[in-house]
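My structure is below; once you've seen it, I'll send some questions.
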Amino acid sequence: MRLQDKVAVITGGASGIGLAATERFAKEGARVAMLDLQEEIGKQKAEELQAEGYRVTFYQVDVSKEDDVQRTINDIAEVNGTIDILINNAGITKDSMLHKMSGEAFKNVMDVNVNGVFYCTQAAVPYMVKQGKGKIINTSSVSGVYGNVGQTNYAASKAAVVGMTKTWAKELGGKGINVNAVVPGFTESTMVAAVPEKVIEKMVAMVPVKRLGKPEDIANAYLFLASEEADYINGTALHVDGGIMM
Ligand SMILES: NC(=O)c1ccc[n+]([C@@H]2O[C@H](COP(=O)([O-])OP(=O)(O)OC[C@H]3O[C@@H](n4cnc5c(N)ncnc54)[C@H](O)[C@@H]3O)[C@@H](O)[C@H]2O)c1
């Protein structure tokens with residue numbers, strides 16, 4: 001019970017890595033607010049976990065909509081008394097080579113992966129400042145660190161996530177708030193399910209441990225950084241990527 005009675009907000013919690021984190025955090029005793037665009041699957045997953053006795057509530061929200069985010073975070077804090085943990089996990093890809101990438105595809109990815117992280121963090125931080133403690137974990141990607149063919153928009157957004165993480169670690173560290181990033185490698189999820197088999201094989205070949213990551217591998221890193229065991233870790237970007245060097 002490493003998160004007993006902690007109030008955790010997990011964005012993109014309805015599938016993939018976010019769902020694994022929702023389950024893991026709930027099982028560690030947290031009250032989890034699962035935020036996602038996908039209402040049907042989100043509600044269903046929350047109900048399944050509630051039936052098992054876990055405290056999980058689904059909120060339908062688009063993290064790229066500032067007012068909706070603010071309202072949702074305020075509702076969560078009102079119902080639960082505060083917000084202890086924010087996992088900025090929601091993210092999208094819209095891949096194409098530079099010469100084919102539309103301005104709209106670039107903007108859409110930035111809206112969710114960068115603006116969404118900014119809006120959620122700005123909304124949650126006042127509650128953490130008020131209680132003098134909190135944990136914020138942002139989700140970057142190996143694409144943002146090494147670059148990746150076809151991912152100008154995504155790589156830019158995930159590099160921005162590391163920049164925001166390090167800035168907030170400096171701004172908020174003195175207020176008892178730890179801000180860190182997790183940098184996942186290629187991980188089995190709906191995001192990677194769309195990738196052709198041959199490309200997956202090539203991806204696996206690049207990973208020294210010779211497998212893709214599992215959503216639980218990333219959820220474990222979120223859990224560690226959200227726990228008291230990580231109280232002296234601030235401003236780091238923790239790679240959970242099987243040792244890949246792209
Ligand atoms: N899967 C990988 O290989 C991989 C690698 C590196 C980083 N990541 C990052 O990990 C995070 C989780 O990705 P995943 O692999 O679990 O993907 P996923 O597609 O399975 O899950 C992402 C979730 O975010 C939600 N979402 C998307 N846009 C949203 C919005 N505007 N508002 C609210 N929710 C929204 C989706 O509905 C979905 O449930 C993302 O930030 C992703 O960029 C994934």
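For ligands, and for the atoms within them, numbers begin at 1 and follow the listed sequence.
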Original post:
To which protein heavy atom is atom 3 (O) of ligand 1 closest, and what is the distance rounded to 0.1 Å?
Top reply: T187 N, 2.8 Å
Original post:
How does T11 reach ligand 1, if at all, at less than 4.0 Å between non-hydrogen atoms: by side chain, backbone, both, or neither?
Top reply: neither
Original post:
Are a donor atom and an acceptor atom from the side chains of Y127 and D84 found within less than 3.5 Å of each other?
Top reply: no
**OP:** Report yes or no: do I177 and I73 belong to one cluster of Ile/Leu/Val/Met/Phe/Trp/Tyr joined by side chain heavy-atom distances under 4.5 Å?
**Re:** yes
Original post:
Closer than 4.0 angstrom: is that true for some heavy atom of S140 and an atom of ligand 1?
Top reply: yes
**OP:** Provide, to 0.1 Å, the distance between atom 36 (C) of ligand 1 and the closest protein heavy atom, together with that atom's residue and name.
**Re:** D36 OD1, 3.5 Å
**OP:** Check if E188 has a non-hydrogen atom at a distance under 4.0 Å from any atom of ligand 1.
**Re:** no
Original post:
Nearest heavy atom to atom 33 (C) of ligand 1: which of V61, L35, N113 does it belong to?
Top reply: V61
Original post:
Where do N178 and A230 come nearest, in terms of heavy atoms and distance?
Top reply: ND2-O, 3.5 Å
**OP:** Look only at interatomic distance and state if S141 has a nitrogen or oxygen under 3.5 Å from any nitrogen or oxygen of ligand 1.
**Re:** no
Original post:
Atoms of ligand 1 less than 4.0 Å from G12 heavy atoms?
Top reply: 23 (C), 24 (O), 25 (C)
Original post:
Does an N or O from Q38, backbone or side chain, lie closer than 3.5 Å to an N or O of ligand 1?
Top reply: yes
Original post:
With a 4.5 Å limit on heavy-atom distance, are the side chains of I41 and S15 in contact?
Top reply: no
**OP:** Around atom 42 (C) of ligand 1, find the nearest protein heavy atom and jot down its residue, atom name and distance.
**Re:** Y154 OH, 3.5 Å
Original post:
Which atoms from ligand 1 have a heavy atom of I92 less than 4.0 Å away?
Top reply: 27 (C), 28 (N)
Original post:
Looking only at distance, does I17 have an N or O less than 3.5 Å from an N or O of ligand 1?
Top reply: yes
**OP:** Return the option from T139, V161, L212, D241 holding the heavy atom at the smallest distance from atom 9 (C) of ligand 1.
**Re:** T139
**OP:** Evaluate whether atom CD of E104 has more than 12 neighbouring non-hydrogen atoms of other residues, nucleotides or ligands under 6.0 angstrom away.
**Re:** no
**OP:** Report the nearest protein non-hydrogen atom to atom 35 (C) of ligand 1: residue, atom name, distance rounded to 0.1 Å.
**Re:** A90 CB, 3.8 Å
Subject >> atom 32 (N) of ligand 1: the protein heavy-atom neighbour that sits closest, reported with distance to 0.1 Å >> reply: V63 N, 3.0 Å
Original post:
What protein heavy atom sits nearest atom 21 (O) of ligand 1, and how far away is it?
Top reply: S15 OG, 3.2 Å
Original post:
Quick one: do R211 and D217 make a salt bridge, cutoff under 4.0 Å?
Top reply: yes
**OP:** Could you walk me through whether D241 and V207 pass the side-chain contact (heavy atoms from CB on, under 4.5 Å) test, one step at a time?
**Re:** CA-CA 8 Å; D241 60 9; V207 183; over 6 Å; no
Original post:
With atoms numbered from 1 as shown, which atoms in ligand 1 lie under 4.0 angstrom from a non-hydrogen atom of F186?
Top reply: 3 (O)
**OP:** Under 4.0 Å from a heavy atom of G16: give me the atoms of ligand 1 that qualify, with their elements.
**Re:** 16 (O), 20 (O)
Subject >> Shortest protein heavy-atom distance from atom 14 (P) of ligand 1, along with the residue and atom involved >> reply: S189 OG, 3.5 Å
Original post:
Is V183 near ligand 1, meaning one of its heavy atoms is under 4.0 Å from it?
Top reply: no
Original post:
Atoms of ligand 1 less than 4.0 Å from T190 heavy atoms?
Top reply: 18 (P), 19 (O), 20 (O)
**OP:** Check A124 against L86 and note the closest heavy-atom contact, atom names and distance.
**Re:** CB-CD2, 4.1 Å
Original post:
In terms of side-chain heavy atoms, does T121 have a donor or acceptor partner in N88 at a distance below 3.5 Å?
Top reply: yes
Subject >> Polar contact flag, side-chain donor to acceptor under 3.5 angstrom, T139-Y222 >> reply: yes
**OP:** To the nearest 0.5 Å, tell me how far F58 CZ sits from K43 NZ.
**Re:** 7.5 Å
Original post:
Would one find more than 12 heavy atoms of other residues, nucleotides or ligands at under 6.0 Å from atom CD of E228?
Top reply: no
**OP:** State yes or no: do L225 and I218 share one hydrophobic cluster built from I, L, V, M, F, W and Y residues joined by side-chain heavy-atom distances below 4.5 Å, directly or via other members?
**Re:** yes
Original post:
Hey, is V192 touching ligand 1 through its side chain, its backbone, both or neither, going by heavy atoms under 4.0 Å?
Top reply: side chain
Subject >> Residue, atom name and distance, where the atom is the protein heavy atom closest to atom 4 (C) of ligand 1 >> reply: G185 O, 3.9 Å
Subject >> N/O separation below 3.5 Å, G18 to ligand 1 >> reply: no
**OP:** Check whether any heavy atom of G213 sits under 4.0 Å from an atom of ligand 1.
**Re:** no
**OP:** Take M246 and M206, measure what side-chain contact (heavy atoms from CB on, under 4.5 Å) needs, and give me the verdict at the end.
**Re:** CA-CA 7 Å; M246 288 160 67; M206 288 162 73; 3.6 Å; yes
Original post:
Counting each atom of ligand 1 from 1 as listed, which ones have a heavy atom of V112 under 4.0 Å away?
Top reply: 28 (N), 31 (N)
Original post:
Are any of the N/O atoms in N89 less than 3.5 Å from those in ligand 1?
Top reply: yes
Original post:
Under 4.0 Å between a Lys/Arg side-chain N and an Asp/Glu carboxylate O for D111 and K107?
Top reply: yes
Subject >> Test item: side-chain donor near acceptor, E48 and Q44, under 3.5 Å >> reply: yes
Original post:
In ligand 1, which numbered atoms sit nearer than 4.0 Å to a non-hydrogen atom of D62?
Top reply: 30 (C), 31 (N), 32 (N)
